[in-house]
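Throughout, protein chains are lettered first and strands after them, A, B, ... in sequence-line order, and every chain is numbered starting at 1. The analysis underlying the following values was restricted to heavy atoms, covering all of them including side chains, and did not include hydrogens, waters or symmetry mates.
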Amino acid sequence: MQKPTLPKGTRDFGPEQMRNRLFIFDTIRHTFKRFGFQPLETPSMENLSTLTGKYGNEGDQLLYKILNSGDYAAGLTELDLASGSKKLTPSIAEKGLRYDLTVPFARYVVMNRNNLPMPFKRYQMQPVWRADRPQKGRYREFYQCDADVVGTDSLLCEAEIVLMIDDVFRNLGIDYTLKVNNRKILAGIAEVIGVPGQEATLSVAIDKLDKIGRDKVQDELRERGFSDETLTKLSPLFAFSELPLDQVLVQLTTWLGASETARIGIAELQEMIQLVGQYGLADAPIEFDPTLARGLSYYTGAIFEVKARGVSIGSISGGGRYDNLTGTFGMPGLSGVGISFGVDRIYDVMEELKLFPAGVGQGTQVLLIPFDLEARSVALPLLSQLRESGVAAEVYPDLTKVKKMMDYANAKAIPYVVLIGSEEVQTGLLSVKNMVTGEQTKMTADAVLSLLTL
RNA sequence: GUGAUUGUAGCUCAGUCGGUUAGAGCGCCGGAUUGUGGUUCCGGAGGUCGCGGGUUCGAGCCCCGUCUUUCACCCCA
C-alpha cells in the first residue's frame, strides 16, 4: 500500500502545535472583541465571478478553481478545447476557494446591506487558499484573522487599527514595526514626477527598494518607460529612510505640495498619527515608508504592513483603507478599512524567537490511576467532581501495569497523578504524586479537590 | 510560471569506487520490577532506500521522468 501524503503546501497541526496556534487565535480574538467587532464566517468556496478580477492578474492565477460537479465536460466542443485553458475554465469551473477574507466580506455586506448596523464591524478567522509555490512563510492553505469596519471614512478607524495591531503583538510578545503609507501619497508622487495614474507601476518597483537597492529600482523603472527626467524628480523619495516621522511629513509636504491628492494623503496620515496619540498610545513603533505599496489593487487610502523584528520573514500583518470594494458588487460609495493577521507567519516568528509561553494551553491536569475495579469505583466519583470544578482530569481506561499508566501521564506531561489501590480504598487516603518533583503524599479525595482547584 | 535543492526505520542522519544479508543514535515494544514514571541494564520489532522507467553480471549510489521538501525570483499573509 502506498503511504499517504499531504497536498503540497498544506500541513497537519498536531496537539502541540494546536496549543500554540490557539494561543495566537485567542489573543487576536480577545483584541477584536474588545474593540467591538462581531464574528462572521463565510463559505470556503465562492462563485468565481465573486473572486476574479479583485486581486489583479497575478491573483487570478493563484485562485484555486473547483471543477463543476457532474459531467463537467458535457457540451464541450473541440473548439472549446482548442481555445486554451484560460477560455475553457469558466465553462468547467464556476466556483473557487476563497483567496482572502476581505472580498467575501464585501460580498456579504452587499447581500445584507439592509440588515446591517452601520458602520458595520466584523472579525473573521478562517483559512484561505492560494495556488502559489510554497517557500519560507508561504503556504497554500493558511489562516487569516481579519477585522474590518465599513460604512465610515472616519480616520478614527485607522487609528483603532493601529491600536489593535499594538495590542495583539504586545500580548503575543512580538517586537514589531508598523509600516504605514497612503495610496494618495503614492498617487501624488506619480503626479508630481509627471506620470499620473501610473502609481501601480511605480509602487511595484519602489516597493523593492530595501531589497534590491536604489540603482536597481531606477533600472526597473527605466525599463518600464520612465524617463531620466522623471527619475530625477523621484530622487527625494530615496532620502526619507531614517528620518523621524514628523520631519518626514514636513519634507513630503515640501516635495509634493503641488499635488492636491498628495496633500490630502499627508493630512490623513498626520491626523491618524495624532489620533493614535490621543488614544494614549505614544510609543507605537510606527514608521512611514513611502515605498510601501502592497499588491492588492483595491486600497485607496492608508496602507499598513507589520514586520517582526529579528526574523527574516515576510509581513505578518497587513491592511488598509478601501473606498469602493463593494462597488464591484453593485453597492458604490461604501468606504471601509481593515487589517489582516497572518496566523501561520506569526506562528513561525514566535517559534523561531521562542516566544510561546511555557505553560500555554496546558492539557490534562491530573490523571487518576485505579489499580482494580474497586479502586475505579472510588476514582470515578472523584473524576466527576474534578471536572465539575473545572479541572481537566482523566482516568486511565484500562486496568494495566502501573508503569504503563505512569508512562502515559509522562507522555502527556500531566503534572499530577492520583494512585488508587486496595490500601487507598481501605483508608480513604489517596496517593497523590507530583510528576514534576516526584513528591508523593496521601490525602483524602476532598483534599485532592482543593489541591487542584487552587 | 522561472531557476536551484531535498528524499534511506516513527524522528535525526550515516552508507566508501556501483559489489554479497542497508547501519547508528533517539523513540517504540517486552523484560529486570504482579503498587510507582522521568535515571540504569538486558532483549526485540521495525525498510518497496519517495515512485516509475533505464544502464549494468550487479543500483540506496549512475541516467531519464514524476512526485515531494526546502530556497530564491515573480507575487504575497
When you measure from the side chain of A/Ser389 to the backbone N and O of A/Val391, does any donor-acceptor pair fall under 3.5 Å? no

C1' gap between B/A9 and B/A22, integer Å: 11 Å

Can you run down the salt bridge (Lys or Arg N to Asp or Glu O under 4.0 Å) pairs that involve residues 363-387 of chain A, sequence neighbours left out, and say none if there aren't any? none

Inter-nucleotide C1' distance (B/G47, B/C28), Å rounded: 16 Å

Salt bridge (Lys or Arg N to Asp or Glu O under 4.0 Å) contacts in which one or both residues fall within residues 407-417 of chain A, not counting sequence neighbours: A/Glu394-A/Lys412, A/Lys403-A/Asp407

Which value, in whole Å, describes the distance between the P atoms of nucleotides B/A24 and B/C63? 29 Å

So if I apply the side-chain hydrogen bond (donor to acceptor under 3.5 Å, both in side chains) rule between A/Tyr139 and each of A/Asp348, A/Thr10, A/Asp132, which one comes out positive? A/Asp348

Looking only at N and O atoms, is any donor in the side chain of A/Arg133 or the base of B/C73 less than 3.5 Å from an acceptor on the other one? no

How far, in whole Å, is B/U16 from B/C76 if one measures between their C1' atoms? 46 Å

Is a side-chain donor or acceptor of A/Thr152 paired with a backbone partner of A/Val149 at a separation under 3.5 angstrom? no

Note on RNA chain B: ranges paired as stems (three or more Watson-Crick/G-U pairs in a row, both atom distances under 3.5 Å) are B:1-4 with B:70-73, B:10-13 with B:23-26, B:28-32 with B:40-44, B:50-54 with B:62-66

May I ask you to check if A/Arg122 and A/Phe105 form a cation-pi contact, with NZ or CZ under 6.0 angstrom from the six-membered ring centre and within 45° of the axis? yes

Just to verify, what does A/Asp344 make a side chain to side chain donor-acceptor pair (under 3.5 Å) with, not counting sequence neighbours? A/Arg11, A/Arg21

What string of B, S and - do you get for nucleotides 5-10 of chain B 5' to 3' if you count protein non-hydrogen atoms under 4.0 Å? -----S

Among all residues two or more places apart in sequence or in another chain, which pass the ring pair (Phe, Tyr, Trp, His ring centres under 6.0 Å) test with A/Phe371? none

Distance between the P atoms of B/G25 and B/C42, in whole angstroms? 12 Å

